Each structure stands twice: as C-alpha cells, then as structure tokens.
Amino acid sequence: MFSERTNWRLSQNLFTQAVEAARARGRKLFDLTISNPTRVGLQYNSSAIIEAFSSARILDYDPQAKGLLQARQTVAAYYREQGTPSTDPENIVLTTSTSEGYSFVFRLLCNPGDEILVPKPSYPLFEFLADLQDVKLVPYPLIYDHGWQIDLHSLESAASARTRGIVLVHPNNPTGSYVKAHEVQILNSICERRNLALIVDEVFLDYKLDAAETSASRSPVEQRSTAQGGLSARPDAYGTFAQNQGVLTFTLSGLSKISALPQMKAAWIVTAGPHAPVAAAMERLDVIADTYLSMNAPVQWALPTLLEGKTRVQEQLLRRVETNLRELDRQLSSQKTCERFIVEGGWYAVLRVPVICSDEELAVALVREHSVLVHPGHFYDFPNDGYLILSLIGNPTEFQQGVSCVLDHFKA
C-alpha cells in the first residue's frame, strides 16, 4: 500500500528507549542534547513580538508565490548586514522551514534517482528529505587535522554523471566548522566544470565564536603550530554564500536559529550566481513556490520585528555557548582520556572519547547509570565509534553537572 520512499525503520532505537524508560520512572536527566532555544531560559522581547501580530494586515490574503515583497526586502536587508549589498529581493523565496527549502531545491535540480553530494559527518535530516524527493545522497568526508576541513579530492571523486549539486553546511552541524575561502574557490571550480549547483545551509552562520574559545582544548601539537604561525586558532571563515557569484548557489537560512524562533516557521532560499542560471532557476522556483503557497501572511508581516530581535537573543546564546565551552574545557583539563575538537561556531561540541563500546551503547549507559543525555556520534554519521555530541546552549549548572557525569563514566 505504501511507497518505497517511506520504507524507513520506524522502531525506536535503544537510546530513545532508554531515555523514555528513565523519564517514565520520573528520573531527573541532565540534557546535553537540547536544541530548542525557546526552552533554555532566553529573554525575548515578548511585547514587541506579540505586537507584531496585531496588525489588521494579517487579515488580507495576498498570494505572492515567492512571499510578500516587504518580507523579502527584510531578508535582503539582513544580507546587507552580512556584507552582501547586492542581494535582490526578487531572488529570494520564502519557505516555512529550511527543510522545505531543501525540498524545493532538490525538486528544482533533480530527476528521480539523481544525486546530491552531502557532508559526512553532518545533520541526519538529509536522508529523510532525499527519500521524500526520490534523490540519492552520496557522502563526501569532512576530515579532522588540526581543525575540520573538506576532503576535496574525495568530494570530486564522489561526483558522477548523475550528480546535480553539493550540499554545504556553513558552519557544519555538529562539527562547528566553516567553509574556508580557499575551499570555496575549489568548490566553485568543481561546480563550474561539472555543471553543479551549491546548496548551502547557513542557519548557524551568525554564531561565530571568538578565537580564544575555539582553541582551548587543542592538543600540544596544535598549540605549538599556532605559536609558530602554522595555524590560526580559527582560520578566516568565508562569509555568507549569498554573495557567491561563481556558480549557481542556493543559500538557506531562517528564523529558527537567527532569531531563536523555531516556532515561527519562517525561512528562505537566496539564489545567487551568474545571471542566466539564476534567472532560469527563479522562473522554476516561482512555479514550485506558487504550487504550495506555504508561507503564512502573519509571520511575513511580522518578519521585520522578528529579525530585529536577533541581536538580543544571539548575544545571550553566544554567552551561553562560550560559558559552557569554557566549563567543558575546565573539566577536560583535569583528565587525559577525553578531548574536544576545535569548534568555530554553532551550538555544539564534538567530544572524542575512549572506544569502550559502540557510541550508542555508551549513550545508553550514560542515561541508565548517570542520568545524562548526549548524542552518540553515529547519529551524525561519524564513520567510527568514539564520538559524543554535546549541545552548548543548555542551562550552565545543568551542563556542568552533565559533563561531570560523562567524564566520571570514564574514571571507572
């Protein structure tokens, strides 16, 4: 009865079973996986947000396929702040989420069975989106050597005659690594030769960490290299891809992370690149968007206010991330079994731990024995065991206790 594209494994994994069992028994869990910014104690400008939805304009229906012009102009203004003054509102399509944005772009670029290159490790959402669009994902590796970098040789080797685009996550989730300027040059060259598009997820772009925060837990070898000029604590990160004119580029972002408002369901696609492919892409995206008309009017009219509030919440989140990162490094400094990798931005840290069992078994043991939640590395397609992913936006006291529980596990 059902399509093969939805033939997923729907049974709960062992980690989810352990978490639900612990909660059913009423146990207090230290949650180092939390990703919902509305539940980590942030202070929003509540009155301004509520007032933004009180206008009578929300009662009018104006079905503009790409979204209301005023809302698209607001998004273009955001990119002017990012140093991209040439962003044209006519090259912006509003969507309810970046997930929907991916769906639009996959539909635009791919016939059934065509391929998209995606980074590994990265966010596990891509698999489901690709299944629903009948697209095949082909991974390319991110490698860690004094910081994260794209294995560009493997990326190009992974491309085939059916490849239509390359997904970049900038900065990556969960590695926190930005795509560097020299990598962009090579990626543009690959795409130009092979007639590929770039699809760039920038939801965490605004959450850049100071150099002092990125490097505190580096190895002595990395620290010596920096002192000698061989490395920088945080290599110069490339700015928004909305300014990339080299090849057809689709930049995805939205309020979920920029303004820490995932419940508002407001996101967008910015199309950039050479004039001819951009114009052709926008003609087709206009039809796709017009078919769904998914973006609701109240949020579009409120968008200027919702984006204006980004500074207030971003400052809080960056302080939270930096506080928790310092605490993680403080605790790591007193032991020798675990280390964190360099993180340049975003909300997560990758912890390298001894391989005493599979990452899933380790995460289950931490729930059962220490009442702490962490994500195992395989959730993000790490190729080997020995990795845990920690969210850095949680309550600092709970984070401190949770990290202590994780590290205590390796003292036994």
Side-chain angles (χ1 to χ4, degrees), residues 34-40 42 44-55 57-79 89 91-108 123-126 128-130 132-133 167 169 173 199-207 242 250-271 285-286 288-314 317 346-347 391 393:
I34 190 164
S35 61
N36 182 349
T38 68
R39 296 187 176 179
V40 296
L42 301 179
Y44 294 88
N45 189 344
S46 302
S47 59
I49 293 173
I50 294 170
E51 177 68 21
F53 288 92
S54 65
S55 170
R57 293 178 300 186
I58 69 175
L59 300 176
D60 179 57
Y61 181 49
D62 184 2
Q64 297 182 33
K66 291 184 291 189
L68 296 174
L69 178 59
Q70 177 179 315
R72 288 184 281 121
Q73 289 172 333
T74 299
V75 174
Y78 164 78
Y79 284 98
N91 292 337
I92 296 172
V93 174
L94 302 184
T95 64
T96 56
S97 64
T98 53
S99 297
E100 185 176 63
Y102 276 116
S103 297
F104 282 14
V105 175
F106 286 176
R107 282 293 189 187
L108 171 70
Y123 191 58
L125 176 69
F126 298 135
F128 294 97
L129 291 173
L132 290 172
Q133 306 304 323
V167 169
V169 186
N173 175 13
I199 307 162
V200 189
D201 186 328
E202 290 187 349
V203 297
F204 286 109
L205 181 71
D206 291 351
Y207 295 93
F250 303 96
T251 300
L252 281 60
S253 193
L255 294 185
S256 177
K257 303 301 186 298
I258 290 177
S259 298
L261 292 169
Q263 75 278 29
M264 294 302 174
K265 310 308 296 179
W268 51 79
I269 307 165
V270 180
T271 307
L285 280 173
D286 189 82
I288 294 172
D290 192 43
T291 302
Y292 288 94
L293 289 176
S294 57
M295 188 65 172
N296 70 78
V299 170
Q300 292 188 66
W301 285 117
L303 198 58
T305 299
L306 301 180
L307 262 177
E308 184 180 349
K310 69 182 185 301
T311 302
R312 179 175 183 174
V313 295
Q314 286 180 9
L317 281 165
W347 295 355
S391 169
I393 67 170

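The first residue in the sequence is number 1, and the count goes up from there. Predicted model only: the values in this text are computed from it and were never measured.
To the nearest 0.5 Å, atom CZ of residue F104 and atom OG1 of residue T95 are 6.5 Å apart. In this structure, OG on S259 lies 4.5 Å from CG on L307, to the nearest 0.5 angstrom.
Annotation: salt bridge (charged side-chain N to carboxylate O under 4.0 Å, His left out) contacts involving residues 304-314, sequence neighbours excluded, comprise E81-K310.
With a 4.5 Å cut-off on side-chain heavy atoms, P89 and V75 do not count as touching. Side-chain contact between R72 and L94: present, with at least one pair of heavy atoms (C-beta onward) separated by less than 4.5 Å. The shortest distance between side-chain heavy atoms of F106 and L132 does not fall below 4.5 Å. Put simply, the side chain of N91 does not reach to within 4.5 Å of the side chain of V270, judged on heavy atoms. Taking 4.5 Å as the limit, every side-chain heavy atom of L205 sits out of range of all side-chain heavy atoms of S253. V167 is not listed as a side-chain neighbour of D201, based on a closest heavy-atom distance of 4.5 Å or more.
Across all non-hydrogen atoms, the minimal contact from I258 to Q314 is O-NE2, 2.8 Å. Scanning both residues, L42 and P37, for their nearest heavy atoms gives CD1-O, 3.4 Å. Nearest heavy atom pair, residue S391 against residue I34, reads OG-O, 2.5 Å. Between A289 and V93, the shortest heavy-atom contact is CB-CG1, 3.9 Å. For the pair Q64 and L69, the tightest heavy-atom approach, listed with the atom from each and the gap, is OE1-N, 3.3 Å. Across D286 and A65, no two heavy atoms sit closer than the pair O-CB, 3.6 Å.
Taking Y123 as the reference, nothing meets the ring pair (Phe, Tyr, Trp, His ring centres under 6.0 Å) condition, with sequence neighbours excluded. Partners of A130 by side-chain contact (heavy atoms from CB on, under 4.5 Å), not counting sequence neighbours, listed by chain and number: V135, L137. Checked against side chain to side chain donor-acceptor pair (under 3.5 Å), S47 has the following partners two or more places apart in sequence or in another chain: N45. Under the side-chain contact (heavy atoms from CB on, under 4.5 Å) criterion, T98 pairs with V203, L252, A267, sequence neighbours left out. Partners of Y44 by ring pair (Phe, Tyr, Trp, His ring centres under 6.0 Å), not counting sequence neighbours: none found. With sequence neighbours excluded, the residues that form a ring pair (Phe, Tyr, Trp, His ring centres under 6.0 Å) with F126 are Y102. Residues passing the salt bridge (Lys or Arg N to Asp or Glu O under 4.0 Å) test with K265, sequence neighbours excluded: none. Evaluation of the side chain to side chain donor-acceptor pair (under 3.5 Å) rule for Q73 yields no partner, not counting sequence neighbours. Partners of S103 according to the side-chain contact (heavy atoms from CB on, under 4.5 Å) rule, which considers only residues two or more places apart in sequence or in another chain, are L129, Q133. Every residue two or more places apart in sequence or in another chain that forms a side-chain contact (heavy atoms from CB on, under 4.5 Å) with Q263 is listed here: T38, L261.
In this model, no donor atom of one side chain and acceptor atom of the other lie less than 3.5 Å apart for Y78 and W268.
Enclosure of atom CZ in R57 by more than 12 non-hydrogen atoms of other residues, nucleotides or ligands within 6.0 angstrom is indicated.
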Could you go through residues 290-306 and list every donor-acceptor pair under 3.5 Å that involves a side-chain atom there, pairing it with any protein atom two or more places apart or in another chain?
residue : atom : partner : partner atom : Å
T291    : OG1  : V287    : O            : 2.8
S294    : OG   : E100    : OE1          : 2.8
S294    : OG   : E100    : OE2          : 2.9
N296    : OD1  : V299    : N            : 3.0
Q300    : OE1  : L68     : N            : 2.5
Q300    : NE2  : M295    : O            : 3.2

